Asks: 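Supplied in structure tokens, the structure appears directly below.
What's counted below: heavy atoms across the whole structure, side chains too, no hydrogens, waters or symmetry copies. Computed from a predicted model, the values in this text were never measured in an experiment.
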Protein chains: 2
Amino acid sequence: MKEIFAGGGSAPAPPAPAALAAKVRTLAPSMTRSMQRVAEAVADDPAGCAALTVTGLAELTGTSEATVVRTARLLGYPGYRDLRLALAGLAAQQQSGRAPAITTDIAVDDPIADVVAKLAYDEQQTLADTAAGLDTVQLAAAVTALAGARRTDVYGVGASGLVAQDLTQKLLRIGLLAHAHSDPHLAVTNAVQLRPGDVAIAITHSGTTGDVIEPLRVAFEHGATTVAVTGRPDSPVTQYADHVLTTSTARESELRPAAMSSRTGQLLVVDCLFVGVAQRTYDAAAPALAASYEALAHRHRAARRGP
Amino acid sequence: MKEIFAGGGSAPAPPAPAALAAKVRTLAPSMTRSMQRVAEAVADDPAGCAALTVTGLAELTGTSEATVVRTARLLGYPGYRDLRLALAGLAAQQQSGRAPAITTDIAVDDPIADVVAKLAYDEQQTLADTAAGLDTVQLAAAVTALAGARRTDVYGVGASGLVAQDLTQKLLRIGLLAHAHSDPHLAVTNAVQLRPGDVAIAITHSGTTGDVIEPLRVAFEHGATTVAVTGRPDSPVTQYADHVLTTSTARESELRPAAMSSRTGQLLVVDCLFVGVAQRTYDAAAPALAASYEALAHRHRAARRGP
DNA sequence: GCCGCGCCGAAAATATCTTTCAGGGTGTGA
DNA sequence: TCACACCCTGAAAGATATTTTCGGCGCGGC
């Protein structure tokens, strides 16, 4: 984190320290075939690849040096040299730290205890990857925009719609004006009302959901500050986003649809946004939170025991 | 050239992985003045040195490249390149080792990066705790009931309402008849329709939410199989629950409302239920999942590039 | 004071990494 | 169906980084 370059234009993208496996999964879909081979080799055996030179890795993956360098660039490093360094770090972490654990997928005949263990592990992994890959500069910018917004609209459909609602509920609790839209038509008609100083947030894992992109585009063109929460930082939705917050993409499969693991990462991002805003507006947020808690008290029955 | 084979027979010592600081101290007495300066710099700030080239490190220590290489050799590495790799690994290890220090609560003035780390850590903890505390027998029973249910009603209000909707969405996707109720009146009027063989699920963290307990009670009294997903296994809601699924309760505080961490555990339970049911009804669930995926395809825009 | 020993750094030699450029494949539009 | 354009891909040239070589210089012994 203390990297030398203070540089800093728009998106310097800090070289991932240990969020590499996550980044590979996140960016893999936007890679060409050859680059995917390289990325796969790297994610598969960080230690082994760290011991290889560009030429070695190129030969191993049956590609050329140029492709290896290109892949390193795509992953956010200045060149292969730095990727190799990060790889060595990752290898060390893996060796010393946690066990590789359960790498297998969920099978149809897995006992229920295994299902629990695998799902829990997977979601933990998603959280760790998302946290590691989250661009705190973008996050801070989004928080600032939210904290000062006149109103905030959040777009999401399907599973992401629930995440949108979750964010809205939280923001309302601290006194902010927020609304979640899952109806594409209403979303667009509302987006037209937005103006500079307002905030629009689109939540979509694939980044290609037209029903969510469209209102964000409208909001963007009306001058609102736009934020995209997506698992694909190069997807269409980011075209209209001032700030992009990337969630991790975990393995998915037949019994484990994308919606399941993506949701976990999205919720973490949403929580971060919420806490960030609550910090910024603490004087107003704290009493608002207390008040909303108080207001619900009478709807709870006394517990048999306990506090 | 020598990169490939570790060569052989009488290799005196494999490159130290992390025992570098110790090695420096051990070998320091046998070093020349210049080499000591290099070794000291390396032991002092592995991360910083890993970012430097031979020339950079030589300048930093006021020595020459040759000396740096000689030092690397003395420490047991083939050359500076490999020392640097080990250094990067060491730095990564040190950094990750520092991570568990985030046991403290989120403060108002925490930098955003800390917020992300703390939230992620907390939610991971919640997942681990929930997975560990989940009664697989109860879970299996609930899955069996769900898989054979004529219809399923899920009750939840507030943040838990979103979890209820999440479960409903999933069950619908695999062809089960499910409905989420967050309106207490409608929930009760629907609960009256339930009969043996049907399933009712109540989701409430505190276990004391009257709006959720009431419909579950009605369902229970009408002979439906009832399930409670709650953080308090001894709370009122469990009175009317045939099966109780316990979620973990993480720390909460002013800036971290209960809704945030409880939701994570609830979603894990919901995911487990879903996967469990999908396993049991695989022959019907798999094509249903595929179909729902297919149905959405045309609502996605093409990504900028693809595999 | 002279000599030998070995540490030290500048510069050459080599390996490694990066960039450039042109060939080839793929999908698209006519 | 054919032609076009785009973009992936790898070979080789160009730039950096690392390693080796070699001669100077200080230090202690005689």
Asks: If only side-chain N and O atoms of A:Ser34 are considered, is one of them under 4.0 Å from the OP1 or OP2 phosphate oxygen of D:dT9?
Replies: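 Checking D:dT9 against A:Ser34, a side-chain N or O does come within under 4.0 Å of OP1 or OP2.
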Asks: Verify the contact: side-chain N or O of B:Arg73 to OP1 or OP2 of D:dT20, cut-off strictly under 4.0 Å; return yes or no.
Replies: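 It does, given that an N or O in the side chain of B:Arg73 lies less than 4.0 Å from OP1 or OP2 of D:dT20.
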Asks: Applying a 4.0 Å non-hydrogen cut-off, can you work out what B:Gly56 is touching in the nucleic acid: base, sugar-phosphate, or nothing?
Replies: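 If one applies the 4.0 Å heavy-atom cut-off, B:Gly56 turns out to touch nothing in the nucleic acid.
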Asks: From the options C:dT18, D:dT18, C:dG9, select the nucleotide whose nearest atom is closest to the side chain of B:Thr55.
Replies: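 So the nucleotide nearest the side chain must be D:dT18.
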Asks: What is the distance, to the nearest angstrom, from the CD atom on B:Glu59 to the P atom on D:dT18?
Replies: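 Value for this atom pair: 13 Å.
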Asks: Decide, yes or no, whether a salt bridge links A:Arg263 with B:Asp271 under the criterion of side-chain N to carboxylate O below 4.0 Å.
Replies: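 A salt bridge is present here (some side-chain N lies under 4.0 Å from a carboxylate O).
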Asks: Determine the contact category for A:Arg70: base if any of its heavy atoms lies under 4.0 Å from a base atom, sugar-phosphate if only primed atoms, P, OP1 or OP2 are that close, otherwise nothing.
Replies: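 If one applies the 4.0 Å heavy-atom cut-off, A:Arg70 turns out to touch a base.
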Asks: Can you find a side chain N or O atom of A:Thr67 that sits less than 4.0 Å from OP1 or OP2 on D:dT9?
Replies: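 The answer is no; no side-chain N or O of A:Thr67 sits under 4.0 Å from OP1 or OP2.
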Asks: Is it the case that A:Thr208 and A:Ser206 place a side-chain donor and acceptor less than 3.5 Å from each other?
Replies: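 Yes, a side-chain donor-acceptor pair sits under 3.5 Å.
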Asks: A:Asp82 CG to C:dC17 P: how many Å, rounded?
Replies: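 One finds 11 Å between P of C:dC17 and CG of A:Asp82, rounded.
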Asks: Between P on C:dT16 and CG on B:Leu85, what's the gap in Å once rounded to a whole number?
Replies: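 Result: 13 Å.
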Asks: Rounded to whole Å, please give me the gap between CG in B:Leu57 and P in D:dT18.
Replies: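 For the pair B:Leu57 CG and D:dT18 P, the rounded distance is 10 Å.
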Asks: Flag the pair A:Glu214 and A:Arg217 as a salt bridge only when some basic side-chain nitrogen lies within less than 4.0 angstrom of an acidic carboxylate oxygen.
Replies: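 A salt bridge is present here (some side-chain N lies under 4.0 Å from a carboxylate O).
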Asks: Could you tell me how far apart A:Arg81 (CZ) and D:dT16 (P) are, to the nearest whole angstrom?
Replies: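 From A:Arg81 CZ to D:dT16 P: 11 Å.
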Asks: With a cut-off of 6.0 Å (strictly less than), are more than 12 heavy atoms of other residues, nucleotides or ligands near CD of B:Glu40?
Replies: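 12 or below, so no.
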Asks: Is the distance from OP1 or OP2 of D:dT9 to the nearest side-chain N or O of A:Thr32 less than 4.0 Å?
Replies: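 True: A:Thr32 side-chain N/O within range (under 4.0 Å) of D:dT9 OP1/OP2.
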Asks: What is the distance from CD of A:Glu65 to C1' of D:dA15, rounded to the nearest Å?
Replies: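 Value for this atom pair: 15 Å.
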